[in-house]
Amino acid sequence: CKTVLSFINATNILVIIASLGLKKKIIVSERNDIELQNISIYKKLLRIIFYRYASLITSNIQNSLTLMEKYVKKNKLIFLPNPIRFLKPAKDFSNNKKKIILSIGRLNKQKGYDILILAFYEFIKIPLFQNWQLYILGEGPERVYLEKMIINLNLKGSVNLKGYCDPQKYFKIAKIYVQSSIFEGMPNSVLEDMTFKVPVILNNQIRGIKCLAKNKFSCLYFDNDKDD
């Protein structure tokens with residue numbers, strides 16, 4: 001094996017350290033927005049110290065590459081957008097649409113599902129939208145917290161935590177897709193959603209997708225600090 005591939009910050013650092021002196025080509029990939037990512041100061045420092053020893057570094061966010069130019073040679077940094085693949089090409093599912101808002105991701109703090117649920121709570125207060133439902137696909141450590149939140153807001157019949165399941169059937173029936181992450185790389189679920197032509201609403205903090213999703217043209221962005 002002449003090349004070592006690694007993904008995600010902590011693993012990347014360990015792989016680089018373990019590979020020093022082995023005369024291997026080391027390729028590491030950053031999958032998140034390194035400026036907004038919530039990691040310890042020690043991991044940030046180790047990234048600055050050791051990433052320069054990688055042969056190549058890829059990122060799906062141009063902003064992350066720009067920041068890494070401060071401590072890694074520019075010719076080692078490569079912008080690599082996420083690929084997507086479906087077994088069948090997307091077609092027109094407009095006749096199947098229901099009053100469903102869809103979101104997909106791990107149930108953790110990063111994904112901002114508390115923000116989304118609170119926004120949905122206000123949304124269905126409007127008589128025109130009171131029959132809508134919110135489907136969240138995924139599992140994670142925030143499930144119990146989100147379940148309690150749903151109960152406390154009296155949303156048990158309107159917000160559904162679906163767990164792990166095939167997203168394609170939900171893309172076919174959802175009218176809106178929302179990605180509420182407080183920071184993110186280039187979310188595959190948004191790219192997949194766009195292939196199904198489902199209108200998408202994104203947190204403005206998701207900067208990795210902005211090269212593909214233009215505000216008020218192919219999507220809508222919202223800010224955490226505003227009543228959007």
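Position 1 is the first residue of the sequence; numbering continues from there.
- Atom CG of Asn154 sits in a sparse spot, with 12 or fewer heavy atoms from other residues, nucleotides or ligands closer than 6.0 Å.
- With 3.5 Å as the limit, one finds a donor-acceptor pair spanning the side chains of Gln179 and Tyr177.
- A donor-acceptor contact shorter than 3.5 Å is absent between the side chain of Lys214 and the backbone of Cys219.
- Classification of the Phe129-Trp132 ring pair by plane angle, with boundaries at 30° and 60°, yields perpendicular.
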**Asked** Which is it for Arg207 and Glu184 under the salt bridge (charged side-chain N to carboxylate O under 4.0 Å, His left out) test, yes or no, and what are the steps along the way?
**Response** CA-CA 7 Å; Arg207 299 186 292 191; Glu184 193 72 77; over 6 Å; no

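- Taking the side chain as every heavy atom from C-beta outward, Ile136 and Lys162 never approach each other to under 4.5 Å.
- Using modelled atom types, one finds a donor on one side chain and an acceptor on the other under 3.5 Å when comparing Arg31 with Asn82.
- Contact detail for Met149 and Leu118: the closest heavy-atom pair is CE-CG, 3.3 Å.
- Taking a 6.0 Å sphere around CD1 of Ile39, one finds it holds more than 12 heavy atoms contributed by other residues, nucleotides or ligands.
- For the pair Ile209 and Tyr221, the minimum side-chain heavy-atom distance is below 4.5 Å.
- Under a hydrophobic clustering in which Ile, Leu, Val, Met, Phe, Trp and Tyr are joined whenever their side-chain heavy atoms come within less than 4.5 Å, directly or via other members, Ile61 and Val200 fall into different clusters.
- With contacts defined as side-chain heavy-atom distances shorter than 4.5 Å, the pair Phe222/Leu202 does not qualify.
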**Prompt:** Between Phe7 and Val28, does a side chain to side chain contact (heavy atoms under 4.5 Å, CB included) hold up when you go through it step by step?
**Reply:** CA-CA 6 Å; Phe7 299 86; Val28 302; over 6 Å; no

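- The neighbour count for Lys43 NZ, taken as heavy atoms of other residues, nucleotides or ligands under 6.0 Å away, does not exceed 12.
- Arg52 places a side-chain N or O within donor-acceptor distance of the main-chain N or O of Ile49, the cut-off being under 3.5 Å.
- At a cut-off of 3.5 Å, with distance as the only test, no side-chain donor of Tyr170 or Gln168 sits close to an acceptor on the other residue.
- Around NZ of Lys148, the count of heavy atoms belonging to other residues, nucleotides or ligands within 6.0 Å does not exceed 12.
- The environment of Tyr71 atom OH is dense: over 12 non-hydrogen atoms of other residues, nucleotides or ligands sit within 6.0 angstrom.
- Summarising the geometry of Leu65 relative to Ser59, their closest heavy-atom pair is CD2-CB, 3.6 Å, with the distance given to 0.1 Å.
- Other residues, nucleotides and ligands contribute over 12 non-hydrogen atoms within 6.0 Å of the NZ atom of Lys24.
- Glu147 has no carboxylate O lying under 4.0 Å from a charged side-chain N of Lys156, or vice versa, which leaves the two without a salt bridge.
- In this structure, Lys210 and Gln62 have side chains that are not in contact, with every pair of non-hydrogen atoms separated by 4.5 Å or more.
- Heavy atoms from other residues, nucleotides or ligands lying under 6.0 Å from CG of Asn38 number 12 at most.
- Evaluated for a side chain to side chain contact (heavy atoms under 4.5 Å, CB included) with Leu134, the options Leu102, Asn160, Leu116 yield exactly one hit, Leu116.
- From Lys76, atom NZ reaches atom OG1 of Thr58 across 14.0 Å, with rounding to the nearest 0.5 Å.
- Of the inter-residue distances, the one linking Leu128 atom CG with Lys99 atom NZ reads 7.0 Å to the nearest 0.5 angstrom.
- A distance of 10.5 Å separates CG of Leu77 from CG of Leu67, quoted to the nearest 0.5 Å.
- The side-chain heavy atoms of Ile182 and Gln205, taken from C-beta on, include no pair separated by under 4.5 Å.
- Between Lys216 and Leu220 there is a side-chain heavy-atom pair separated by less than 4.5 Å.
- The CG atom of Asn32 sits 8.0 Å away from the OG atom of Ser64 when rounded to the nearest 0.5 Å.
- Val72 and Ile17 fall within a single hydrophobic cluster, where Ile, Leu, Val, Met, Phe, Trp and Tyr are joined by side-chain heavy atoms under 4.5 Å apart, directly or via other members.
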**Worked verdict on Arg106 versus Glu142 for salt bridge (charged side-chain N to carboxylate O under 4.0 Å, His left out)** = CA-CA 9 Å; Arg106 182 168 164 77; Glu142 292 273 300; over 6 Å; no

**Request:** List the steps and the verdict of side chain to side chain contact (heavy atoms under 4.5 Å, CB included) for Asn203 and Phe183.
**Result:** CA-CA 8 Å; Asn203 192 325; Phe183 65 91; over 6 Å; no

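- Atom NZ of Lys111 is separated from atom OG of Ser181 by 4.0 Å, given to the nearest 0.5 angstrom.
- The closest donor-acceptor contact from the side chain of Asn60 to the backbone of Gly185 lies at 3.5 Å or more, if one exists at all.
- In terms of the side chain to side chain contact (heavy atoms under 4.5 Å, CB included) criterion, residue partners of Pro81 (sequence neighbours excluded) are, by chain and number, Phe79, Met186.
- Between Phe171 and Ser189, the shortest heavy-atom contact is CZ-O, 3.7 Å.
- Tyr113 and Val144 sit in two unconnected hydrophobic clusters of ILVMFWY residues. Membership requires side-chain heavy atoms under 4.5 Å apart, directly or through other members.
- A donor and an acceptor atom, one from each side chain of Ser6 and Asn12, are located under 3.5 Å apart.
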**Prompt:** Can you check side chain to side chain contact (heavy atoms under 4.5 Å, CB included) on Met68 and Glu30, steps first, answer last?
**Reply:** CA-CA 11 Å; Met68 285 189 281; Glu30 276 288 348; 4.3 Å; yes

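- With sequence neighbours excluded, no residue forms a salt bridge (charged side-chain N to carboxylate O under 4.0 Å, His left out) with Glu69.
- The shortest distance between side-chain heavy atoms of Ile101 and Phe120 falls below 4.5 Å.
- Across Lys97 and Lys172, no two heavy atoms sit closer than the pair NZ-O, 3.5 Å.
- Two residues are said to be in side-chain contact when any heavy atoms from C-beta on lie closer than 4.5 Å; Arg47 and Asn9 meet this criterion.
- Counting all heavy atoms, side chain and backbone alike, Ser180 lies closest to Gly112 at OG-O, 3.2 Å.
- Using a distance-only test at 3.5 Å, with no hydrogens or angles considered, no donor-acceptor pair links the side chain of Lys25 to the main chain of Lys2.
- A continuous path of Ile, Leu, Val, Met, Phe, Trp and Tyr side chains, each step under 4.5 Å between heavy atoms, connects Leu20 with Ile13, placing both in one hydrophobic cluster.
- In the hydrophobic clustering of ILVMFWY residues, with side-chain heavy atoms under 4.5 Å counting as a link, Tyr42 and Ile16 come out apart.
- In this structure, CG on Leu56 lies 5.0 Å from CD1 on Ile27, to the nearest 0.5 angstrom.
- The heavy-atom pair separating Ser103 from Val178 by the smallest distance is OG-O, 2.7 Å.
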**Derivation of the side chain to side chain contact (heavy atoms under 4.5 Å, CB included) call for Asn63 and Ile34** = CA-CA 8 Å; Asn63 183 68; Ile34 67 169; over 6 Å; no

